[in-house]
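Single-structure report; data block below.
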There are 4 protein chains.
Amino acid sequence: MTNKRTPGRPKVKTEMNITRERISTTAAHLFLTYGYESVSMQQVAEASNVTKASVYYYFKDKATLFTKAVSSMFQRITGRVEELLQSTKGLESRLYEVTLEHLKRPHIDFETLLQEAGSSLSKDHIREIRESEQDIHKALENIFKQAMENGEIVTTSPLLLAHAFSTVTMIRNKTELITELGGYEKTARSLVDLFWTGIAPK
Amino acid sequence: MTNKRTPGRPKVKTEMNITRERISTTAAHLFLTYGYESVSMQQVAEASNVTKASVYYYFKDKATLFTKAVSSMFQRITGRVEELLQSTKGLESRLYEVTLEHLKRPHIDFETLLQEAGSSLSKDHIREIRESEQDIHKALENIFKQAMENGEIVTTSPLLLAHAFSTVTMIRNKTELITELGGYEKTARSLVDLFWTGIAPK
Amino acid sequence: MTNKRTPGRPKVKTEMNITRERISTTAAHLFLTYGYESVSMQQVAEASNVTKASVYYYFKDKATLFTKAVSSMFQRITGRVEELLQSTKGLESRLYEVTLEHLKRPHIDFETLLQEAGSSLSKDHIREIRESEQDIHKALENIFKQAMENGEIVTTSPLLLAHAFSTVTMIRNKTELITELGGYEKTARSLVDLFWTGIAPK
Amino acid sequence: MTNKRTPGRPKVKTEMNITRERISTTAAHLFLTYGYESVSMQQVAEASNVTKASVYYYFKDKATLFTKAVSSMFQRITGRVEELLQSTKGLESRLYEVTLEHLKRPHIDFETLLQEAGSSLSKDHIREIRESEQDIHKALENIFKQAMENGEIVTTSPLLLAHAFSTVTMIRNKTELITELGGYEKTARSLVDLFWTGIAPK
DNA sequence: TATGAATGAGTCTTCATTCAT
DNA sequence: CATGAATGAAGACTCATTCAT
């Protein structure tokens, strides 16, 4: 492993890109909370403490901002999920950790978000987002595939499992349910349990 | 002398309500496909073959149209689901039927939809929609509760099952998955299977 | 004085025209309170307990309704003013009575109202209203002319006096002033006093 | 190295404010001529040689535009009136000057205007306008109060005089009258005369 | 790098008006 | 006599976007 650090004094990216980053993060948060159309460039600007024109300085248009912001966020989440899945604990408890984190993060259904923004996005935009999104699914798929090989779980379509799992954990906002089950931890536990053993009688 | 006919144009039962109904149905379809903000009153009007002003003749404003349209649709769906669930077949195959119908119907995540429209809706609107929505959950809950009593399934929180089941069946739009698994029927079968036996090894 | 009553059973105007009258009066009240544009045909209809279409049954369009309604009201007011002015008391106390009634009636500046509605009214409409309006001025003018001949007041332009007087009594809405001066009666008294003796020192 | 120029396009003091000012002045003129509802934002924009969106760039909404425009105009008028009243001539001729200017300025009854716009304005808007308005009255009141102390006029309520005077000078639009009396100057003279000596016989 | 000014296109909503019944 | 249905036109307001500085 060689030292890959570029020689010389590194460019001062800090100040400059910090603005871009702030806008991106803020935007992602807003989009994932309120959807695409509901969030105006003005709101993004205000929430980022810059002017509208500044947002345009960094991002060509709203569709692009959306794409970049959401993709970045996905990458961040993917990293986190991979980390959690890498642990050496049994699959069940790794899934539990992922579920728990997911339940706590406030956000809306991703497919729906894309559907809503759909008409405003170009093919390229959609592809870019889809790619970032699939990374999460790929991570899950791999884990499931591996678990199947180890005989840790039943053999079936890993893709199906990945989708089903990520969809099930979408049960958020449903405060009613979470309250009745007694909090995030217990809800996460129940979900994974259900996912693990199904509903068939023993 | 005894002619007591009420003055004015009599309300047309059939024809008139058909317009209102047409608008409502069309609107529901659009909202469930594209979200709240993305659908303009103009679009609703055009798709309903009336003018924008006519839409306003029947519905006070967009928020109200949304509420009424979506609530009605929910009631229709609830009716259909109850019907399917009433059958005397085993629970598994009843769930299969419901899942299959659900997969075919094009629509977006309901919670997300509400979240997006949220800022435009009054408390009353939201309550009205929520009430219609819960009817489906109640129908499912009851079925599960009954099945538990019959020993047909394992004993657990019926509310959790209802939510989980209705969320899982949300795997639509995911054309990729449906294609890979080989069509709606097979996907539905796999989903119910998963829901039924879980992923734990036998 | 001969009996001018038409022979035979009089037409049943009661029920029929009572609706027209109600609409007219209601409309006049609304127009004089809120202006022309601010009052919608819908409001007029609702306040009159009929449907919008009914208003159109009696009045060709909004401009016509406005014209008829306001003219009628003016005629009613003129009648009342003439009655008050006919009394045998001195001019000063007759003016007081008129002022008092005027102060109590809630309404807006007539010229302003006409100016606002102006662009919607045809020449004919405007003429019709102006004529009704002038009757009040004529009544006042005549009184002043007579008073000048009697030496009851100084000799000057009766038209000016009529305008000035009717404008001065326009000090309504100015609740602040009326409160400070101690109610309608005192305000009316002060106004007539001012009009009578001016502000020059004795 | 010491270049501390603030980033971004610097605020243009002259040019920019000229646009805002132009819109405000134009709007005030239109509102005072045609009323609140009759004047559309479109009209204001056209008359100001900008687009509707530009009007909204400077003024949040119609109510705010109205408030700012009318208040500003009032302040300008107040300034002018105070100037005229400051002269060392006798009160009578100072009132004459004010009356004359007022007669020439085209506008509608202020109270009526407020009444008409009333339902669209917030409490704050109304307060803001009222405050600007009262400055004129205060100026007049002070002059009258002073004149009373000097024995230049009879002692009475200065507030009443201020209101009465400003109302009387409202006799404009009444082209008929002005024509009959022979022009603005003569009308102004007659009005002040009437206000000064009243109608009582000598 | 960052921003104030300006705008075209579109959205929701209201309103006067018509017409068949 | 009176009304429910339907509409064209217009109005307030928002928004993504551009541009000169």
Side-chain angles (χ1 to χ4, degrees), chain A residues 15-17 19-20 37-45 50-65 120, chain B residues 5-12 15-17 19-20 37-45 49-63 65 120, chain C residues 15-17 19-20 37-45 50-65 120, chain D residues 5-12 15-17 19-20 37-45 49-63 65 120:
Chain A
E15 269 304 324
M16 217 185 303
N17 286 30
T19 301
R20 185 194 190 92
E37 303 276 7
S38 308
V39 174
S40 76
M41 293 301 262
Q42 186 70 252
Q43 269 173 71
V44 172
V50 289
T51 55
K52 225 193 318 179
S54 291
V55 177
Y56 277 92
Y57 177 76
Y58 288 106
F59 302 90
K60 190 176 156 297
D61 53 24
K62 192 181 180 184
T64 304
L65 170 61
S120 309
Chain B
R5 197 165 144 306
T6 54
R9 182 172 178 174
K11 285 193 199 171
V12 180
E15 279 300 325
M16 155 191 167
N17 287 25
T19 300
R20 187 193 192 95
E37 304 275 8
S38 307
V39 175
S40 75
M41 294 301 262
Q42 185 69 251
Q43 272 174 64
V44 172
N49 271 323
V50 290
T51 56
K52 226 192 315 179
S54 291
V55 177
Y56 278 95
Y57 177 73
Y58 288 105
F59 302 92
K60 190 176 153 298
D61 52 23
K62 193 181 179 182
L65 170 60
S120 309
Chain C
E15 269 303 324
M16 217 185 306
N17 287 28
T19 300
R20 183 194 191 91
E37 303 276 8
S38 306
V39 174
S40 74
M41 293 300 262
Q42 185 68 252
Q43 269 174 71
V44 173
V50 289
T51 55
K52 224 192 320 177
S54 291
V55 178
Y56 278 92
Y57 179 77
Y58 287 107
F59 302 91
K60 187 176 157 300
D61 53 24
K62 192 181 180 184
T64 305
L65 169 61
S120 309
Chain D
R5 201 164 143 306
T6 53
R9 184 170 175 173
K11 287 194 200 173
V12 180
E15 280 298 327
M16 157 190 164
N17 287 25
T19 301
R20 188 195 193 92
E37 303 275 7
S38 306
V39 174
S40 73
M41 293 301 264
Q42 184 70 248
Q43 273 173 66
V44 172
N49 270 323
V50 289
T51 54
K52 223 192 319 175
S54 290
V55 178
Y56 279 96
Y57 177 73
Y58 288 105
F59 301 93
K60 191 178 154 300
D61 53 23
K62 195 181 179 183
L65 171 60
S120 309

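Quick note on labels: first sequence line is chain A, next is B, and so on, each numbered from 1.
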Restricting to non-hydrogen atoms, name the atom on Ala63(C) and the atom on Ser120(C) that form the minimum distance, rounded to 0.1 Å. CB-O, 3.8 Å
Dot-bracket encoding of pairs in DNA chain E, which uses [ ] for pseudoknotted crossings and | for another strand, Watson-Crick or G-U under 3.5 angstrom: .||||||||||||||||||||
Taken to the nearest whole Å, OH/Tyr57(D) to P/dC13(F) is 19 Å
For Asn49(D), the side chain to side chain donor-acceptor pair (under 3.5 Å) test, sequence neighbours excluded, returns none
Considering just the side-chain nitrogens and oxygens of Tyr58(D), establish if one lies under 4.0 Å of OP1 or OP2 belonging to dA6(E). yes
According to side chain to side chain contact (heavy atoms under 4.5 Å, CB included), who are the partners of Ser54(A), at least two apart in sequence or on a separate chain? Val50(A), Thr51(A)
Measuring from atom NZ of Lys52(A) to atom OG of Ser40(A), what distance do you get when rounded to the nearest 0.5 angstrom? 8.0 Å
Restricting to non-hydrogen atoms, name the atom on Met41(C) and the atom on Val55(C) that form the minimum distance, rounded to 0.1 Å. CE-CG1, 3.8 Å
Rounded to the nearest angstrom, tell me the gap between atom CZ in Phe59(A) and atom P in dT3(E). 15 Å
Mind checking what makes side chain to side chain contact (heavy atoms under 4.5 Å, CB included) contact with Phe59(B), not counting sequence neighbours? Arg20(B), Ile23(B), Ser24(B), Leu65(B), Lys68(B)
Contact summary for Tyr56(D) and Asp61(D), nearest pair of heavy atoms: CE2-CA, 4.0 Å
Can you give me the closest heavy-atom contact between Thr64(C) and Lys60(C), atom names plus distance? OG1-CB, 4.0 Å
Quick note, Val50(C) side chain, CB onward, closest among dA6(E), dA6(F), dT3(F) is dT3(F)
Readout for nucleotides 8-14 of chain E: B = base within 4.0 Å of protein heavy atom, S = sugar-phosphate only, - = neither; 5' to 3' it is B-B-BBB
